[in-house]
Amino acid sequence: MDKGHLAPLTIEKIQQFLDSPLPGAVAQKKMAPQSRTGELDRWHVPADCRKAAVLLLLYPHANNGRPPELHLALIRRTEYDGAHSGQIALPGGRREDGESLQETALRETMEEIGVTPRQVQVIGGLSPLYTPPSNFCITPFVAISTRRPDFQLDDKEVAALLEVPVRQLLNPALHRKELWQFQNYGQRVVPFFDISGQKVWGATAMILSEFLTLLSDGFFNTD
């Protein structure tokens, strides 16, 4: 696909992409932080990982007087004593007993941003991803709403909502890398999406990388 002439992003086209073979780790690795010295293979999934699910929620939104276009809902988590404190994330969380992973993604979305399962339609899923810092095995689902939801944020878990045009994420100017200093891990090169000054990195960026690679054939193959 010609990156300069991306086809119109329609729900039908996105569902078609989701029905195609998924690029999986090949796409996820494009936004993976540099491995730290002595780190075990992050692509090896331990048997005792904690099951979790997230939702890529798509909906039309007319922003700043422009015609409606597909947006994606991201959240900024509140500060807490945990591995993902304050990070930009997709709505989601840990699976509870007796529920499917899709049910987990929908329940967590309702709890965190107030969008009920009746307001959305799940149209597909992406490749699972293991995140070592929290020992989560994350399964992403993609859902649509026919209109912009009336978001109701849980202020205990969500500090802010980011409504991002999907096309904006395909802008290569937003894809950056920096050398970061981590208290426990030392210096590591970290790729991220710079969205209005917010750095989207780690598992969220890796999940988005696969989704965006599906939308634009080989878009991340720029090395």
Heavy-atom side-chain proximity of Trp180 to Arg188 below 4.5 angstrom: no
Applying the 4.5 Å side-chain criterion to the ILVMFWY set and letting contacts propagate, would Val158 and Val164 be lumped into a single cluster? no
Find out if a path of hydrophobic residues (ILVMFWY) with successive side-chain heavy-atom gaps under 4.5 Å connects Tyr59 to Ile123. no
Should we count NZ of Lys51 as having more than 12 external heavy atoms under 6.0 Å? no
Note, Val122 side chain near Leu106 side chain (heavy atom, < 4.5 Å): yes
Euclidean distance, Leu208 CG relative to Leu90 CG, rounded to 0.5 Å: 5.5 Å
Same hydrophobic cluster for Leu22 and Leu170, using side-chain heavy-atom links shorter than 4.5 Å among ILVMFWY? yes
Please answer whether the main-chain N or O of Phe136 pairs with a side-chain N or O of Thr131 as donor and acceptor at a distance below 3.5 Å. no
Joint hydrophobic cluster, Leu212 plus Ile11, side-chain heavy atoms closer than 4.5 Å: yes
For residues 89-109, which residue pairs qualify under salt bridge (charged side-chain N to carboxylate O under 4.0 Å, His left out), counting only residues two or more places apart or in two chains? Glu96-Arg107, Glu99-Arg107, Arg107-Glu111
May I ask you to decide if Val189's main-chain N or O and Gln34's side chain share a donor-acceptor pair within less than 3.5 Å? yes
Spatial distance of atom OG1 (Thr10) from atom NZ (Lys13) [nearest 0.5 Å]: 6.5 Å
Between the OG atom in Ser216 and the CG atom in Leu169, the distance rounded to the nearest 0.5 Å is 12.0 Å
Minimum side-chain heavy-atom gap Leu74-Phe193 below 4.5 Å: no
According to a 4.5 Å side-chain heavy-atom criterion applied to Ile, Leu, Val, Met, Phe, Trp and Tyr, with indirect links allowed, do Met110 and Leu161 form part of one hydrophobic cluster? no
Look only at the side chain of Glu210 and the backbone of Gly24, and say whether a donor-acceptor pair between them is shorter than 3.5 Å. yes
Donor-acceptor pair, side chain of Glu112 and main chain of Gly92, under 3.5 angstrom: yes
I'd like to check Lys30 versus Pro191 (side-chain heavy atoms, cut-off strictly below 4.5 Å). Are they in contact? no
So, for Ala160 and Leu153, which heavy atoms are closest and what is the spacing to 0.1 Å? C-CD1, 4.2 Å
Can you find a pair of side-chain heavy atoms, one from Leu70 and one from Ile14, that are under 4.5 Å apart? yes
For a side chain to side chain contact (heavy atoms under 4.5 Å, CB included) check, start with the C-alpha distance between Gln121 and Ile144, then their side-chain angles and the critical distance, and finish with the verdict. CA-CA 5 Å; Gln121 176 188 356; Ile144 59 168; 4.0 Å; yes
Counting N and O atoms only, with roles assigned by atom type, does the side chain of His175 sit under 3.5 Å from a partner on the main chain of Ala173, one being a donor and the other an acceptor? no
Which pair of non-hydrogen atoms, one from Gly125 and one from Leu18, has the smallest distance, and what is that distance? O-CD2, 4.0 Å
For Leu101 and Ala53, work out which heavy atoms get closest and say how close. O-CB, 3.2 Å
Taking every non-hydrogen atom, the tightest pair across Pro91 and Ala73: CD-O, 3.7 Å
Would Arg176 pass as a cation-pi partner of Phe192, given that its NZ or CZ must be under 6.0 Å from the six-membered ring centre and within 45 degrees of the axis? no
Counting C-beta onward and ignoring hydrogens, is there a side-chain heavy-atom pair between Leu129 and Gln28 closer than 4.5 Å? yes
Treating Ser209 as the side-chain partner and Ala27 as the backbone partner, does any N or O pair qualify as donor plus acceptor under 3.5 Å? yes
Find out whether Gln119 and Arg147 are in side-chain contact, i.e. whether some heavy atom of one side chain is under 4.5 Å from a heavy atom of the other. yes
Could you report the tightest heavy-atom contact between Val45 and Cys137, atom names first, then the distance? CG1-SG, 3.3 Å
For the atom pair CH2 (Trp201) and CD (Gln87), what is the distance rounded to the nearest 0.5 Å? 4.5 Å
Test side-chain contact (heavy atoms from CB on, under 4.5 Å), reference Pro149, set Thr109, Ile113, Leu57, Val120, output is Leu57
Does the side chain to side chain contact (heavy atoms under 4.5 Å, CB included) test come out yes or no for Leu126 and Leu214, once each step is laid out? CA-CA 10 Å; Leu126 298 172; Leu214 280 174; 3.8 Å; yes
All heavy atoms of Pro140 vs all of Ser127, minimum pair found to be CD-O, 3.3 Å
Report the distance from atom CZ of Arg77 to atom CD1 of Ile88, rounding to the nearest 0.5 Å. 10.0 Å
Using a 4.5 Å cut-off on heavy atoms from C-beta on, say whether the side chain of Phe17 contacts that of Val142. no
Spatial distance of atom CD1 (Ile75) from atom OG1 (Thr204) [nearest 0.5 Å]: 8.5 Å
